[in-house]
Amino acid sequence: MIGMSAREMRVAAVGAVALALLALLPLVDQGYYLSLALNIVMYVVLCTAWTLFSGPTHYISLATAAFFGVGTYAVALGVDILPLPLLVLIAAVAGGLLAAVVGVATLRLSGVYFVIFTLGLAELVRQVVTWLQTNFGSGLGLYVLTDYREMHIYWMLLALAAVVYATGFLVNRSRLGFAMRIIGNDETVARHVGIDTARSKVILFVISGAFIGVVGAILAPRFSYIQPPSAFDPMISFQVVIMSLLGGTRRLWGPLLGVIPFTILFDQITAYFPNHTSLVIGIAFMAIVYLLPHGVLGLWEDLSRLRKRIRFVVVDEKEAR
Amino acid sequence: MSIIVTGLLLGGTYALIAVGLTLQYGVARIMNLANGENLVLASFVAFWLWTAYAVNPILAILVIAPGAFVLNWLIYAYALRPLVDRAKNRGQLEVDSILATFGLLFIFQGVMLLGFGGGYYNYNFLNVAVPILGANYGLNRVAAFIAAAVIAAALWFFLYRTRYGTAIRAVAVDPSSARLVAIDVPRASALAFAIGGALTAASGALLSTFYTFNASMGVAFTMKALIIVIMGGVGDVRGAVLAALILGIAETAVATLVDPGLTIAATYALFILVLLFRPQGIFGRRPA
């Protein structure tokens, strides 16, 4: 990679080492902790892909479940005919295409239209898939029987996480990333300096949707029996929004700070208080709006900026004396 | 023919929900995604009043609507007003209010799930056939439609023939200019939000007389209402009523002619057409 600064090289090296260490986990434990780690890595990829688009644009996308389900179905339909790597590629294309259609229809308009549209998208795709299956397919469920076990899925997700971070890094320093930052700050200004705002947003949304589709495809062997309600579970969309915003979307690695605690918390709650999940999600949304409007990351950045300012004030006073 | 009549009867109730939401979004500038939960809550209250005390659900609106009015006033004053005050621009308020009302949605839903469980509820009220134009329809649906029409007429009178109603419409057009003619904008916004909530609750009570409901179906209604509001043009009451009737007919047509499982697909097809060709709404004017 040409033109990386020394600091960026260091970050990349640390990331690679961390990834290698994480990849060793299945050698230590194959039970609960692997399962939990798999969930965490899955949400890290989903939330980072989500932040790729929603971070700079401030559009709240609830389409995650739709892309995820489309990816899962791509594998479920083709698993007996085609090899998995090819299916993953198809899932990426399918997720990207769906994102393109949604983006072209809604991204020229204001944010509210986009939220509403994506809110129902998973339900829409689910209804269409159910209808197609009952009328033209063979029953509702599909089996995905492969030799892939949890640890293989875990490794694939880790690799995907690396790809997502690399993509995010490259997008950030490309013309597209620069354009997105301007759009995020002021869309009118962006239009006046000649940026095709709708086109830039659609491209980024397609990238984000393709990655989410791939996650769905990789997860398909884990479900083994696939039905529309489980593949298009709207809860995934809401959890991704919460975790990303909780962590903070100003930086690509911000969601990480939200994903790890929230996945563990949610795991405990579904295990011990399964009837209270809606309440927890509701309270999490409230906490984001009223307590952490910029996420944990934003809070930390604001605090350290404040501390720096205080230190300068103290230094100034000393010098004045 | 029967599709059109059934669709119109359903559309009447949809119209009330959508008018409630259009008041909340068009005047108070809050996209209330918890609106559907408000509706389901009212359905449960009507159910409870009917089964426990045999209170006529249509008369129960006299209790439910004021209750929802107070509840929504409190929600606006304590949860949403601070967001309006802190927002630097329209975009930020939009994001904040969407997230906050998502929070409300899940809290309402969580409370109802704890109270009533995830099961489906319905009850028998006026379940008698009425012949209209050669086909039979449930009296409960007809009664709900008439009640919805009466409420809509009362609302029209309030909005177009009273000082308060005129103030609310002025805020819908331009909040900053409304202040110049001595309209208390925060008060008018709270009033519109509370009235919107009361209307939605009223339609929830009406809906419960002929519809099977459960604690987690509010989102579907919020979505239908939002699509109707966008089709009709934000803040436009006439447009919302017309769009609701169109949606009611389209949904019934798809459910009877194609497949009952495809109603969302039908709403979405309409939604996409509107977004592509008339994003400003049926009666809306293209912004300059």
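Quick caveat, the model's predicted, so the values are computed rather than measured. Residue numbering restarts at 1 for every chain, and letters A, B, ... go by the order of the sequence lines.
- Interface with chain A: from residues 31-40 of chain B, residues M31(B) qualify, criterion being any non-hydrogen pair under 4.5 Å.
- The salt bridge (Lys or Arg N to Asp or Glu O under 4.0 Å) test applied to R181(A) returns no partner, not counting sequence neighbours.
- In this structure, R29(B) does not pair ionically with E94(B), as no charged nitrogen and carboxylate oxygen lie closer than 4.0 Å.
- Using a 4.5 Å cut-off between heavy atoms, F117(A) touches chain B through backbone and side chain atoms alike.
- Only the side chain of I60(A) comes within less than 4.5 Å of a heavy atom of chain B; its backbone N, CA, C and O stay farther away.
- Residue L104(B) touches chain A through both its backbone and its side chain, counting heavy-atom pairs closer than 4.5 Å.
- Aromatic ring pairs are classed by plane angle as parallel below 30°, tilted from 30° to 60° and perpendicular above 60°; the pair Y211(B) and F221(B) is perpendicular.
- At a 4.5 Å heavy-atom cutoff, the contact between F271(B) and chain A is made by side-chain atoms alone.
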Full working for side chain to side chain contact (heavy atoms under 4.5 Å, CB included) between L21(B) and T200(B):
CA-CA 8 Å; L21(B) 192 71; T200(B) 310; 5.8 Å; no

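- Contacts between I242(A) and chain B at a heavy-atom distance below 4.5 Å are absent for every atom of the residue.
- Within the 4.5 Å cutoff, the side chain of T270(A) has heavy atoms near those of the F266(A) side chain.
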Could you please spell out the steps behind the side-chain hydrogen bond (donor to acceptor under 3.5 Å, both in side chains) verdict for Y76(B) and Q24(B)?
CA-CA 10 Å; Y76(B) 185 80; Q24(B) 295 189 327; over 6 Å; no

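- Residue A79(B) touches chain A through both its backbone and its side chain, counting heavy-atom pairs closer than 4.5 Å.
- Of the two parts of V280(A), neither the backbone nor the side chain holds a non-hydrogen atom closer than 4.5 Å to a non-hydrogen atom of chain B.
- The aromatic rings of F238(A) and F285(A) stand perpendicular to each other, their planes meeting at an angle above 60°, with 30° marking the opposite boundary.
- Residues L279(A) and L114(B) meet the side-chain proximity criterion, which asks for heavy atoms closer than 4.5 Å.
- Taking a cutoff of 4.0 Å between a charged side-chain nitrogen and a carboxylate oxygen, R86(B) and D96(B) qualify as a salt bridge.
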